[in-house]
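Predicted, not measured: the structure shown is a model, and the values here were computed from it.
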Amino acid sequence: MKKISLSICACLFLATATFAQKPNALTSKEKKDGWVLLFDGKSTTGWHTYQKDKASAAWSVKDGALVFDPTVDKTEKGDLVTDAEYENYDLTIEWKISDGGNSGVIFGIHEDPKFGATYQTGIEMQVLDNINAGDRFIPNHLAGSLYDLIGGPDVSKPKPVGEWNQARVLYNKGEITLWLNGVQTAHVKKGSDEWNQLIAKSKFHDWEDFAKYPKGKIALQDHGNVVSYRNIKIKQL
């Protein structure tokens, strides 16, 4: 009986390993449903540093992830931005933050020389170490928050530092819904009374161009801390 049990366990393990989805890959169903990869797991193809022609040395691919290195020269730093613009879409991404780290997934970015940073036009889903990062004391700055607008400890449930988190951004006709590790962390429609009230109470209240572009690029933020991203997938709606 013992030999049979061990044999069954071995078969189950092999079956699980065989059918487990590889990072940075699409299943047949995902392909059929219209999902595409924004990161191939091997290169920075399709991405560039904000306001530059290519990805700078701060961003490299390590173990199948896009990793930011804060130790490089400041001329090599900056947010990593998609080459293409997107309007209505479902975006999924995995992130892993360093101890005390801070970063973000910023979307709806209008890349123009007159804007010095992605966050001047783009909306951010916060990436954070809720335990040791400086922003941990501000509820709508916690991991998974719609940065400085919606968030709180009741829905911000990131995994421990060093583990992968699953994030999702559903951005459709001005309606924004965010999830972190399967928990909805924010929902609002741009231009609604709720949105206007949130903006009025935020740091963006007098930012003329913030969140004004329905179509824009997506960025991975350089906030000065080591951060990794992988499994970046998008389905245009």
Side-chain angles (χ1 to χ4, degrees), residues 30 33-36 38-39 47 50 79-82 84-95 97 102-112 115 117-128 130 135 138-158 165-221 223 227 229 231-237:
E30 286 174 327
D33 289 345
W35 289 89
V36 297
L38 290 185
F39 169 53
W47 298 80
Y50 187 66
D79 294 359
L80 194 65
V81 181
T82 56
E85 291 187 326
Y86 303 91
E87 188 167 0
N88 302 311
Y89 52 85
D90 198 347
L91 172 74
T92 61
I93 186 169
E94 293 185 4
W95 59 262
I97 194 69
N102 187 331
S103 182
V105 177
I106 304 175
F107 52 99
I109 298 162
H110 182 68
E111 189 171 17
D112 187 291
F115 300 122
T118 59
Y119 56 76
Q120 288 181 261
T121 57
I123 307 160
E124 180 181 350
M125 182 180 190
Q126 177 76 302
V127 169
L128 196 80
N130 279 6
D135 266 9
I138 306 173
N140 58 16
H141 287 196
L142 293 173
S145 295
L146 186 62
Y147 180 76
D148 212 54
L149 295 170
I150 301 174
D154 55 327
V155 292
S156 178
K157 305 296 181 183
N165 292 269
Q166 292 76 43
R168 180 185 175 196
V169 176
L170 182 60
Y171 187 47
N172 190 22
K173 298 178 181 177
E175 193 167 353
I176 303 166
T177 312
L178 307 180
W179 290 266
L180 179 64
N181 297 322
V183 178
Q184 184 174 305
T185 55
H187 175 77
V188 70
K189 186 176 179 69
K190 287 168 58 180
S192 66
D193 289 342
E194 180 187 9
W195 172 265
N196 292 334
Q197 290 170 16
L198 290 168
I199 292 293
K201 296 176 183 178
S202 75
K203 64 172 62 178
F204 311 118
H205 68 276
D206 60 352
W207 292 26
E208 184 178 350
D209 298 288
F210 176 74
K212 290 297 191 293
Y213 297 89
K215 186 176 183 179
K217 299 181 179 182
I218 298 165
L220 310 178
Q221 188 183 41
H223 203 281
V227 64
Y229 292 96
N231 279 342
I232 310 172
K233 306 174 184 181
I234 196 167
K235 177 182 178 180
Q236 298 194 69
L237 304 174

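Judged purely by atom type and a 3.5 angstrom limit, Thr118 has no side-chain atom pairing as donor or acceptor with the backbone of Ala219. The backbone N or O of Val155 sits nowhere less than 3.5 Å from a side-chain atom of Thr185 that would complete a donor-acceptor pair. The backbone N or O of Gln166 lies less than 3.5 Å from a partner atom in the side chain of Asn181, making a donor-acceptor pair. Side-chain atoms of Gln126 come within 3.5 Å of backbone atoms of His141 as a donor-acceptor pair (strictly under, hydrogens ignored). One N or O on the side chain of Ser202 and one on the backbone of Ile199 form a donor-acceptor pair closer than 3.5 Å. For the pair Asn165 (side chain) and Leu180 (backbone), a donor-acceptor distance under 3.5 Å is absent.
Applying the ring pair (Phe, Tyr, Trp, His ring centres under 6.0 Å) criterion to His223, with sequence neighbours excluded, gives no partner residue. Not counting sequence neighbours, Tyr50 has no partner by the ring pair (Phe, Tyr, Trp, His ring centres under 6.0 Å) test. For Glu175, the salt bridge (charged side-chain N to carboxylate O under 4.0 Å, His left out) criterion is met by no residue, not counting sequence neighbours. For the ring pair (Phe, Tyr, Trp, His ring centres under 6.0 Å) test, residues two or more places apart in sequence or in another chain that qualify with Phe107 are Tyr171. A search for salt bridge (charged side-chain N to carboxylate O under 4.0 Å, His left out) contacts involving Asp148 returns nothing, not counting sequence neighbours.
Classification of the Phe204-Phe210 ring pair by plane angle, with boundaries at 30° and 60°, yields parallel.
Pairs of residues two or more places apart, or lying in two chains, never qualify as salt bridge (charged side-chain N to carboxylate O under 4.0 Å, His left out) while including a residue from residues 193-216.
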Walk me through it: do Val127 and Gln221 pass the test side chain to side chain contact (heavy atoms under 4.5 Å, CB included)?
-> CA-CA 9 Å; Val127 169; Gln221 188 183 41; over 6 Å; no
List the steps, then state whether side chain to side chain contact (heavy atoms under 4.5 Å, CB included) holds for Ile93 with Leu220.
-> CA-CA 10 Å; Ile93 186 169; Leu220 310 178; 3.7 Å; yes
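Expressed to the nearest 0.5 Å, how far NZ of Lys217 lies from OH of Tyr86 amounts to 10.0 Å. To the nearest 0.5 angstrom, Ile234 atom CD1 is 10.5 Å from Ile232 atom CD1.
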